[in-house]
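Position 1 is the first residue of the sequence; numbering continues from there.
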Amino acid sequence: MAPTPPPPPPLPPPKSPPLPPLVPGEAPAYSRDDIQDEINSAMAQGRNASVYILPGARLAFSIEVTCSGKIHVSVRSSGEGATLDGGKSSKMFYVTGGCSLYLGVL
């Protein structure tokens with residue numbers, strides 16, 4: 001009987017999926033702070049804020065994201081399971097002063 005060949009080497013770990021094409025002006029968000037930073041930048045520049053969250057990402061919120069300017073904020077993903085996690089808080093966004101918020105396909 002022939003000896004059993006050794007098992008094949010293990011496969012390398014999978015690579016992170018590439019970031020899908022962003023809409024012009026859209027910023028990637030990897031954390032709650034990234035969303036807040038984009039809103040702050042947009043308010044300072046007098047433009048709308050738009051962020052994209054990677055599919056499968058879970059963004060934890062320990063404090064709420066605030067928007068108090070007259071801008072539109074869009075937070076979206078691809079619809080493949082991105083999660084905004086507020087823990088035990090029922091309020092993750094504080095929107096006032098004419099700001100509007102759109103949450104899409106999270």
Q: Find out whether Tyr94 and Ser68 are in side-chain contact, i.e. whether some heavy atom of one side chain is under 4.5 Å from a heavy atom of the other.
A: no
Q | Min side-chain heavy-atom separation Phe61-Ile35 under 4.5 Å | A | yes
**Q.** Spatial distance of atom CE (Met92) from atom CG (Asp85) [nearest 0.5 Å]
**A.** 7.5 Å
**Q.** Heavy-atom side-chain contact between Ile53 and Leu84 under 4.5 Å
**A.** yes
(Q) Could you report the tightest heavy-atom contact between Glu80 and Pro55, atom names first, then the distance? (A) CB-CB, 3.7 Å
Q.
I'd like to check Glu64 versus Phe93 (side-chain heavy atoms, cut-off strictly below 4.5 Å). Are they in contact?
A. no
(Q) I want to check something: taking the side chain as every heavy atom from C-beta on, are Arg32 and Leu59 in contact at a cut-off of under 4.5 Å? (A) no
Q) In Å and rounded to the nearest 0.5 Å, what is the NE2 to SG distance from His72 to Cys99? A) 8.5 Å
Q | Distance, nearest 0.5 Å, that separates CG of Asn48 from CD of Glu26 | A | 12.5 Å
Q. Can you tell me if Ser41 and Arg47 form a side-chain donor-acceptor pair at under 3.5 Å?
A. yes
Q | Least distance between heavy atoms, Ile71 atom then Met43 atom | A | CD1-CG, 3.6 Å
